[in-house]
Structures are given as structure tokens and as C-alpha cells.
There are 2 protein chains.
Amino acid sequence: MQYYAVFAKYNLVLFNFDFMLKEERKQFILNEVRIHSRVLLTDLASLLKVSVDTVRRDIKELDKENKLKKVHGGAVSLGFDYYHIPSHQVYSIEKKAAIAEKAIHLLKDGQVILLSGGTTNLELAKRLPHKLHLTCFTPSLSIAIQLLSKKNVEVIFIGGRVSKDSQITVGGSAINMLSEIKVDLCFLGTNSIHPRDGLTEFDWEIVQLKKAMIHSSKKIISPSISEKLGSLQRYKICGPEEIDILITELEPWDSKLEPFKNLNIQLL
Amino acid sequence: MQYYAVFAKYNLVLFNFDFMLKEERKQFILNEVRIHSRVLLTDLASLLKVSVDTVRRDIKELDKENKLKKVHGGAVSLGFDYYHIPSHQVYSIEKKAAIAEKAIHLLKDGQVILLSGGTTNLELAKRLPHKLHLTCFTPSLSIAIQLLSKKNVEVIFIGGRVSKDSQITVGGSAINMLSEIKVDLCFLGTNSIHPRDGLTEFDWEIVQLKKAMIHSSKKIISPSISEKLGSLQRYKICGPEEIDILITELEPWDSKLEPFKNLNIQLL
DNA sequence: GCAAAAACAGCATAATACTGCACTTTTCAG
DNA sequence: CTGAAAAGTGCAGTATTATGCTGTTTTTGC
């Protein structure tokens, strides 16, 4: 439930209502989905103080209205990274948390970093130690908001047109801004990583943005849950040689990582 | 007991009449919906001292007139599809809601507008009708997120360093981006407005940003609750002559607005 | 495969919505 | 001013919806 801690103040107010209309509940659910990209039925039920069945019915309707995608155990936002990924990945929170913890060890006081969108990076943003001094560039609204609560992190938002699907800025203006910076590290969340073809994406605009991010960074770190290893999408972001560090939830010697050895990529 | 609870929750102004005409009732209902975004049939019935059936019929008509949306158990405002950000912790939420409603009437399809931060503008963002086609520039994270739920609104975020206090971007990069645009309208939320000294702020960086916003817009609209009228802060943003329209929750002929007449400012 | 979690189906209950009708008030032509 | 038509309101009975609960089936992770 730490998950909701940041927004606890909002939820509190919400419950000043004695009754909540169904419509309000649905709106609240959509809100949660938009902010967190994923929600669990059980969390929603306890937040809204209704039974899981009711939440399930609400989500079923919202799904039918094409406002979100219902998955086993919860719901995910439309068009986000999850869109075309098997639903079991919704449960990968623990894996992502493990990745985030490893990633934190790469950070040092005073560094300037770049965080792409995606839930793994969101997890990283949440878990940044409060005492760490950083300057973070990001094109993701949810990550920016998350980072605002870190006292010693300077947040610089990459402006431009905001894509409704992915909730990150895309387009020329963002790429332009990226062209003016050179950061120490870039945590490049990705949909697919392949030992031969490197990073790939299905959204053309996001590909352009990520390419620009790569050019703006001295070092590229790819946090990726093991399910994504070896998968491929339509458009190429960069070859495997561009990636400096690959972080998964696995141990570095795990056999699933075999294809990524001897590629001059550091495995964590 | 219950009566007083309800009384406290809604602000009832029209009880001078023993007896209310249907039109007055409908007007009252609309007002409640406008302020609270949602109402319950049962609450309205006890407030208006009529049967639930009557309220139901009223709401049915209002729904048919497209003034609100009827839902099981009550009604919600048409622009209800927004993130539920706490209304109680926001100061003077009802006045700000009234201002936002007036502001919406200034908007036309196809316009390009600039929204500064602040809760009044957040309220405006929430209440934008879904069918309105707009391009919105904003340096505020919460407003950007709010706007993402509006299907026909293109959101362009003004990037740069994000101020932790105000949760908006400030600094050179933001000002730079502003220098490249010229929008139709700018809704410039403000801390203080004075008939002689115009708009003032206490935060130097925000002053710089707002100055840039003024230069980037053909028309400046200042939404301001009446408490702020006549107040002053340390730094000046602009003189009163720069303001085109002043929107308050008051009627335009209210005596509190007297000092702002004859300044070539349109009062709404 | 197994155990746990989640989804589903069906049922019971309470709240809300609708319908028709009787009664009151308003409107308005003559 | 008057009376009839029209509009407005409340009520009772019925229909529909919303919700939680129980027991069963399916999915999931190991």
C-alpha cells in the first residue's frame, strides 16, 4: 500500500463523501489507472471501501467503454507499455522493484541523469533515497510528480507535446531540448530488448524520443524484466552495442541472460 | 440532525421563499452540480423540501437539456470526467469553481491558450467541456495531467526546472520556450491584484515566468477570487493596463470591483 | 499437478427508477 | 370573474439497478 502513499492525501479527501455514486467510483478508478498505469482490484476495493466484486463490475464496464484494459487481478491503462504485453506482467511489481533497487546502487551524489517513462523507472523514482542529491531530466509526467517529493532531487521536465497514451512528452520540441544536454546516465525503459537487434518499440514517436535520449547520455542503462528479454517490436531504437548496462531482476549468471553475454554489456 | 449535516454540506441561499418555482429549483440544482460536481437525489429532495420524484423529474429534464448528466442515485456535472483532486484542501474551492465556469465561456473551438498554475486554473482544466477542441500550453504538472483526460485538448508542456513549492516549471528554459509562441488567451492565475500596481508575486522566479507568459499571449485574463483584490506582494509582474479581462466570483457590478472600473479592464 | 488467488454465476436485499393516477395550482380564453 | 385545460406534485405499486455474499470454476505461479 506504499504504492498509494504519495497520493494518500487525495484519497483522504475523497472519503468525506458518505456515499459515492457509481460514476464517481469509476472516475476514481480511471484516475488511479492514469496515474499509476496499473491498479489491483484488491487495492481499489479497500481504497473505495466496497467489495471486490463491485470494483470488478466497475472495471468490466470501463473496459467495455474502452477507458482501460481489464486484466487478471486488476486493470492497466490503455496504450501504455503494457498494451500488447501478456497480462501476467502486471504482476511484475516485485521484479521491477528489485531492478530499481539494483539501479539505485549505480547512482552517486551530484550526478545528472535522464529517466524515460515506464513503470520500472517509476519504481526507481519512488525508491530514490531522500538523501541522494541528483539532477533528473524526464519526459514523464508521473515520474516528475514522483520526483517532486524527493527533497534533494532537482527535477527538470522535458517539455513538448504530451502523448495521451503514454503520458510522456514527444515530438520535436522535446527532442530539441534533449539535444542541448549531455547527462551522466540514462535509464532507458523499454518494451523489448534483443541480443541481435537491441532495443525496439512499437510507437514511432517514442522511438524518436528514445533515440534522442541515447544521444544525450554518456552511459545507457536498460532496466528490463526478464520477460522482455529476446522480444522484438516493429521499430528499432538502437543496437545492443549502445547499451552499457542491462539490469534485470535475475542474478547475472542466470541462463536466461546467456545470449547477452559477450556483447560488451555489463549485466546486473 | 441529518438536516443540519446536509445543510452544512451544501450552501443554501434560496430559502427565503416558502415555495419554489420549478425553474428556481432547476437553477438551484444546476448550481449545486456546478459547485460540487455531483449531487444525490435524496439530498436535493430534503434541501428543497420536495419529494424525490419531483427532483428526479427535474433532473430528467435538465439531463434532456444537456445541462448535467443523470446517473443512478443523482447527477454529475457534464465535465465530470476528471481527476479527483481534493477540493477540501483547496482554499475557496467554490468561488474558484464559479470563476472557472465563467472562464469556460470565453473559450472557442480551435483556440490556443496558455494556463499558468494555481488552483483556479486547475479547476478550469477540470471543467473544460469534452467536446471543446483546444491547444493548451502549461507549465503546471497537475494541470497537464488533468488535461490529459480531455480527448480534444492537445497538451503541450512547458519544460524546464520544476519548482518543488509551486509544482510548475520555472527558469530560463521555460521562458525560452515561451518566447517561441504566441497564443490567443492566457489565463494568468495570480496571488495579488491591485488597481494601481497590477499583478504582483512573492516568488521572483515565478514573476519571470509570468512576465514571459504575458509576452506570449494576445489577451490576458486574470481569474481572481475577491479576497485577492487590492492585495500586494513584493515583486511586480505587470501593471493593470496589461490585463484584458478580470474574472471574479462576484457579479460585475459588485462594489468590491469599484476600484477596477475605468481601467479598461473587462469585468466578468 | 497443486494450492492460492481471481473470476464468475446466481441469489438476496436494499435502494432507486418508472408508471399511472389523484389531487392541487396555474393559465387563459370567454 | 369563471371554468376548463394544462402543468406540477406526491403517492403507491411495480420494475430495475446496485451491491455484497456464497459456492463453483478458471487462472496463475510454483
Side-chain angles (χ1 to χ4, degrees), chain A residues 1 3 15 17-30 32-33 38-65 68-76 82 85-98 225-229 248-251 254-256, chain B residues 2 6 14 17-30 32-33 38-65 68-76 80:
Chain A
M1 210 48 86
Y3 189 72
F15 292 125
F17 300 123
D18 301 331
F19 280 118
M20 222 161 151
L21 293 168
K22 190 173 154 188
E23 213 57 31
E24 293 179 281
R25 252 193 350 251
K26 285 167 72 171
Q27 210 46 59
F28 178 81
I29 293 171
L30 271 182
E32 290 294 301
V33 169
R38 66 178 199 290
V39 287
L40 304 182
L41 288 193
T42 47
D43 283 356
L44 284 175
S46 70
L47 274 171
L48 293 166
K49 308 220 171 107
V50 292
S51 75
V52 186
D53 298 74
T54 301
V55 176
R56 184 177 291 117
R57 279 185 273 241
D58 288 345
I59 284 186
K60 211 174 200 169
E61 288 175 28
L62 287 168
D63 181 79
K64 198 159 280 176
E65 295 163 23
L68 48 67
K69 184 158 166 56
K70 180 178 176 314
V71 297
H72 191 93
V76 296
Y82 296 121
I85 292 179
S87 60
H88 64 84
Q89 287 197 16
V90 180
Y91 302 101
S92 308
I93 303 167
E94 297 80 10
K95 297 181 184 177
K96 291 178 177 175
I225 55 175
S226 56
E227 283 93 329
K228 292 176 177 173
L229 297 176
T248 69
E249 83 282 8
L250 307 170
E251 300 294 344
D254 194 290
S255 64
K256 287 184 196 151
Chain B
Q2 168 128 24
V6 173
L14 295 172
F17 306 88
D18 269 344
F19 180 61
M20 253 166 121
L21 261 28
K22 191 176 166 186
E23 273 313 307
E24 293 179 282
R25 249 191 356 247
K26 284 168 74 172
Q27 213 45 54
F28 177 81
I29 293 172
L30 270 182
E32 288 299 304
V33 170
R38 60 82 110 142
V39 287
L40 305 181
L41 286 193
T42 47
D43 281 359
L44 284 175
S46 70
L47 274 171
L48 295 165
K49 298 190 180 149
V50 293
S51 75
V52 188
D53 298 74
T54 301
V55 178
R56 186 177 290 118
R57 277 185 276 242
D58 290 345
I59 284 186
K60 209 176 197 170
E61 289 174 28
L62 287 168
D63 181 76
K64 199 158 281 178
E65 296 163 21
L68 47 68
K69 186 176 167 202
K70 181 178 178 314
V71 298
H72 193 96
V76 296
F80 184 66

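Quick note: numbers below take in every heavy atom, side chains included, and nothing from hydrogens, waters or symmetry partners. Letters A, B, ... are given to chains in the order of the sequence lines, protein chains preceding strands, and every chain is numbered from 1.
- Evaluation of atom-type donor-acceptor distances gives a pair under 3.5 Å for the side chain of B/Arg57 against the base of D/dG10.
- The heavy-atom pair separating B/Ile59 from B/Leu68 by the smallest distance is O-CD1, 3.9 Å.
- Between the NZ atom of B/Lys49 and the C1' atom of D/dT9 there is a distance of 17 Å, given to the nearest Å.
- Taking atom NZ on B/Lys26 and atom P on D/dA7, their separation rounds to 13 Å, with Å as the unit.
- Closest to the A/Thr54 side chain, of the nucleotides C/dC18, C/dA17, D/dG20, is D/dG20.
- Closest heavy-atom contact between A/Lys256 and A/Leu229: O-CD1, 4.1 Å.
- If you measure from atom CG of B/Leu48 to atom P of D/dG10, you get 10 Å, rounded to the nearest angstrom.
- Judged by distance alone, with hydrogens and angles left aside, the side-chain atoms of B/Asp58 form no donor-acceptor pair with the main-chain N or O of B/Lys26 at under 3.5 Å.
- Taking atom NZ of A/Lys60 as the reference point, atom C1' of C/dA9 lies 9 Å away to the nearest angstrom.
- Phosphate contact (OP1/OP2 of C/dA15, side-chain N/O of A/Lys22, threshold under 4.0 Å): absent.
- Here the C1' atom of nucleotide D/dA18 and the CE atom of A/Met20 are 15 Å apart, to the nearest Å.
- Residue-level contact check: A/Val55 touches neither bases nor backbone, having no heavy atom under 4.0 Å from any strand.
- Of the candidates D/dG20, D/dC11, D/dT17, D/dC11 carries the atom nearest the B/Asp53 side chain, counting heavy atoms from C-beta on.
- Among the nucleotides C/dT16, C/dC8, D/dG10, the one closest to any side-chain atom of A/Lys70 is C/dC8.
- When the nucleotides D/dG10, C/dT19, C/dA6 are ranked by their closest atom to the side chain of B/Ser51, D/dG10 comes out on top.
- Although no hydrogens or angles enter the test, the distance criterion places a donor-acceptor pair under 3.5 Å between the side chain of A/Glu24 and the main chain of A/Leu21.
- Looking at heavy-atom distances under 4.0 Å, A/Val52 makes no contact with the nucleic acid at all.
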Verdict with reasoning, A/Lys64 to A/Lys70, per side chain to side chain contact (heavy atoms under 4.5 Å, CB included):
CA-CA 9 Å; A/Lys64 198 159 280 176; A/Lys70 180 178 176 314; over 6 Å; no

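- Rounding to whole angstrom units, CD of residue A/Glu23 and C1' of D/dT19 are separated by 16 Å.
- With C/dA17, C/dA6, D/dT9 as the candidates, the nucleotide lying closest to the side chain of A/Arg56 is C/dA6.
- Distance B/Arg25 CZ to D/dA7 P: 16 Å, rounded to the nearest Å.
- In this structure, CG of B/Leu41 is placed 11 Å from C1' of C/dA15, rounded to the nearest angstrom.
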